[in-house]
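Taking it in order: structure first as structure tokens, then the write-up.
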Amino acid sequence: MASPNGGDDFESSLLSFEKLDRASPDLWPEQLPGVAEFAASCKNPINNSPRKWMAELESEDIEMLKELGSLTTANLMEKVKGLQNLAYRLGLEESREMTRGKFLNILERPKK
């Protein structure tokens, strides 16, 4: 077994007094370009100016975002599945209407 002081000697032998300059781009290159700027912009969460995408939203849109943000994962997945089903049904209805228009010759261009 090692002596009680032997553990301290081992830990002190692992210490490194080398100084690394982390400001050097050659030693510490940015792995993903633009990440440092993005991180710096996120450090100040208090920003009085609204984001560009927020400026175009109406109050109904903001309410919808709040509602979706408050859903649990399961409820959000249920909402997504409902939207997918609605999109599918709308696609079927559009297909039927296009076929109907074709049979009624509504979509033909007038001959000149």
(message) Starting from L71, can I reach M64 by hopping between I/L/V/M/F/W/Y residues whose side chains sit under 4.5 Å apart?
(response) yes
(request) Would you tell me whether N75 and T72 have side-chain atoms, one donor and one acceptor, within less than 3.5 Å of each other? (result) yes
(message) Any non-hydrogen side-chain atom of K66 less than 4.5 Å from a side-chain atom of I62?
(response) yes
(request) With rounding to the nearest 0.5 Å, note down the distance linking CG in L90 to OG in S95. (result) 12.5 Å
(message) I need the E78 CD to L83 CG distance, nearest 0.5 Å.
(response) 11.0 Å
(message) If I take atom CG from residue L76 and atom CD from residue E67, how far apart are they, to the nearest 0.5 angstrom?
(response) 10.5 Å
(request) Please round to the nearest 0.5 Å and tell me the distance separating atom CG of D9 and atom CG of L14. (result) 11.0 Å
(request) Any pair with a residue in residues 89-98 that passes salt bridge (Lys or Arg N to Asp or Glu O under 4.0 Å), sequence neighbours left out, goes on the list, sorted by first then second residue, please. (result) E97-R100
